[in-house]
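Structure record follows, encoded as structure tokens.
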Amino acid sequence: MTNVVVIGSQWGDEGKGKIVDWLSERADIVVRFQGGHNAGHTLVIDGTSYKLSLLPSGVVRPGKMAVIGNGVVVDPHALIAEIDKLEKQGVKISPENLRIADNATLILSLHRELDGIREDAASNSNSGVKIGTTRRGIGPAYEDKVGRRAIRVMDLADLDTLPGKVERLLTHHNALRRGLGESEITHDAIMQELTSVADRVLPFRETIWLMLDKERRRGARILFEGAQGSLLDIDHGTYPFVTSSNTVAGQAAAGSGMGPGSLGYILGITKAYTTRVGEGPFPTELNDEIGQFLGEKGHEFGTVTGRKRRCGWFDAALVRQSVATNGITGIALTKLDVLDGLDELKICVGYTLDGKEIDHLPASQGQQARVEPVYITLEGWKESTVGARSWADLPAQAIKYVRQVEELIGAPVALLSTSPERDDTILVTDPFED
Ligand code: IMP
């Protein structure tokens with residue numbers, strides 16, 4: 001028995017929701033360790049659909065403990081709204097089933113506002129880079145964390161030191177706002193914002209590293225729920241078109257306070273083709289009818305922002321990089337059925353850069369924009385793979401495609417998901433038992 005870390009191996013939206021839900025039923029504790037309410041997925045349990053952005057998946061299942069780790073940036077308004085919405089749906093949320101790290105950073109309304117101001121400014125001029133963020137204040141909050149001026153969950157309980165912290169935060173933000181031609185924010189406004197949420201947030205505060213250490217020793221099964229994808233990682237992603245956190249599996253340790261030796265099985269959720277939301281390089285993007293086909297058939301619209309996702313062929317060179325940077329033990333391959341009916345399928349195995357063959361995406365922004373994919377072509381299949389529950393249900397060409405993916409990325413398929421339904425899954429290896 002082991003713990004399991006679930007991460008996305010591409011640019012997010014790999015279908016983590018269904019797999020995390022499936023695994024959370026078998027876990028005792030579900031921990032988020034990075035990102036914030038920029039993530040989003042819908043869980044359908046016994047016919048009721050629940051939309052989660054910030055809360056870990058386990059929260060809707062009775063008897064599970066959901067944990068928001070220190071690596072997460074917590075918007076208290078989004079937290080309260082999500083709790084209230086779930087409670088209206090009959091899910092009781094209390095410290096019995098939710099704990100939040102006392103050292104997690106808060107996202108305040110000034111962060112959300114700054115995210116929007118910057119994105120608008122970059123759209124309307126050539127200054128700055130438009131990232132296509134979710135405008136939730138994620139980046140600005142992480143900036144304050146690294147700048148050592150953030151307000152953290154525990155600060156809400158310390159009214160003696162809070163005014164000084166707010167002062168420090170505003171010295172920075174008001175200078176920035178003056179430069180951007182925005183009005184300044186008063187000390188009172190931030191103090192009021194913080195005091196208005198304190199009573200709702202503080203009951204959940206916990207020393208998470210200590211709690212996880214005790215739980216690990218008593219043999220609890222811990223599931224770490226990653227958000228976004230490895231190619232959006234602040235270090236390993238397609239910088240600067242990335243999110244502001246480390247999204248790779250190692251962050252499960254740093255973002256929760258559990259040592260890396262206890263992480264266990266690393267499950268990389270991998271879509272059978274590629275998608276990306278927002279700006280940035282995408283070597284296998286298809287701006288043609290096949291890209292259109294994948295987007296429509298795969299319902300590729302963002303759960304958080306509703307934006308249309310860009311679609312393209314499977315990029316094995318990129319997933320091979322994710323296998324290495326995450327230490328992926330096995331993958332869960334999702335949405336294979338979206339490829340049903342295509343005459344032929346391409347898989348990117350490497351690139352050419354200025355006429356020279358390379359086997360991985362270079363780190364430089366300029367070079368990433370110039371690479372051309374090198375493809376192999378496979379025969380497609382006409383039969384439907386929707387709902388397949390064993391290898392015998394799959395056409396031979398689909399099995400060939402899966403085997404080719406495994407070989408090219410250097411990791412085995414542990415799970416194959418063949419529809420949004422929980423039970424439409426081919427289980428090769430149970431990550432908790434591996
Ligand atoms: P931010 O995380 O809001 O700062 O956005 C930075 C980049 O990450 C943008 O390209 C977003 O579209 C992308 N992004 C953030 N969260 C997700 C997600 O959950 N799925 C897919 N892309 C995301």
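One is the number of the first residue; the rest follow in order along the sequence. Atoms within each ligand, like the ligands themselves, are counted from 1 in listed order.
If you look at Arg307 next to ligand 1, the close heavy atoms, those under 4.0 Å, all belong to the side chain. Residue-level proximity to ligand 1 for Trp11 is carried by the backbone, the only part with a heavy atom below 4.0 angstrom.
Atoms of ligand 1 lying under 4.0 Å from any heavy atom of Val277, numbered from 1 in the order shown and given with element: 10 (O), 12 (O), 21 (C), 22 (N). The atoms of ligand 1 that sit less than 4.0 Å from any heavy atom of Asp13 are 20 (N), 21 (C). Within the listing of ligand 1, atoms 9 (C), 10 (O), 11 (C), 12 (O) sit less than 4.0 angstrom from a heavy atom of Gly132.
Note on Arg309 versus Asp13: salt bridge recorded, some NZ/NE/NH1/NH2 to OD/OE distance being below 4.0 Å. Looking at Arg177 and Glu113, a side-chain N of the basic residue comes within less than 4.0 Å of a carboxylate O on the acidic one, giving a salt bridge.
Compare Asp115, Ile131, Thr133 by their heavy atoms: the one nearest to atom 5 (O) of ligand 1 is in Thr133. The residue from Arg276, Gln10, Gln228, His37 that puts a heavy atom closest to atom 18 (C) of ligand 1 is Gln228. Of the options Leu232, Thr247, Val242, the smallest heavy-atom separation from atom 23 (C) of ligand 1 is shown by Leu232.
Cation-pi contact between Arg99 and Phe204: absent, since separation from the ring centre below 6.0 Å together with deviation from the ring axis within 45° is not met.
Considering only non-hydrogen protein atoms, atom 3 (O) of ligand 1 sits nearest to Thr134 OG1, 2.6 Å. In terms of protein heavy-atom proximity, atom 2 (O) of ligand 1 is closest to Thr243 OG1, 2.6 Å.
Heavy-atom neighbours of Trp22 CH2 from other residues, nucleotides or ligands within 6.0 Å: above the threshold of 12.
At least one heavy atom of Ala39 lies less than 4.0 angstrom from ligand 1.
In terms of modelled atom types and a separation under 3.5 Å, the side chain of Glu215 and the main chain of Ile222 share no donor-acceptor contact. At distances below 3.5 Å, not a single donor-acceptor pair connects side-chain atoms of Glu300 with backbone N or O atoms of Thr275. Without hydrogens or angle criteria, Thr418 side chain to Ala388 main chain gives a donor-acceptor distance under 3.5 Å.
Side-chain contact, Asn38 with Gln228: a donor N or O sits under 3.5 Å from an acceptor N or O.
Polar contact with ligand 1: present for Asn38 (N/O pair, distance under 3.5 Å). Inclusion of Glu279 in the set of residues having an N or O under 3.5 Å from an N or O of ligand 1 is not warranted.
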Test Thr238 against Gln368 for side-chain hydrogen bond (donor to acceptor under 3.5 Å, both in side chains), laying out the working first.
CA-CA 8 Å; Thr238 46; Gln368 288 183 354; 5.0 Å; no
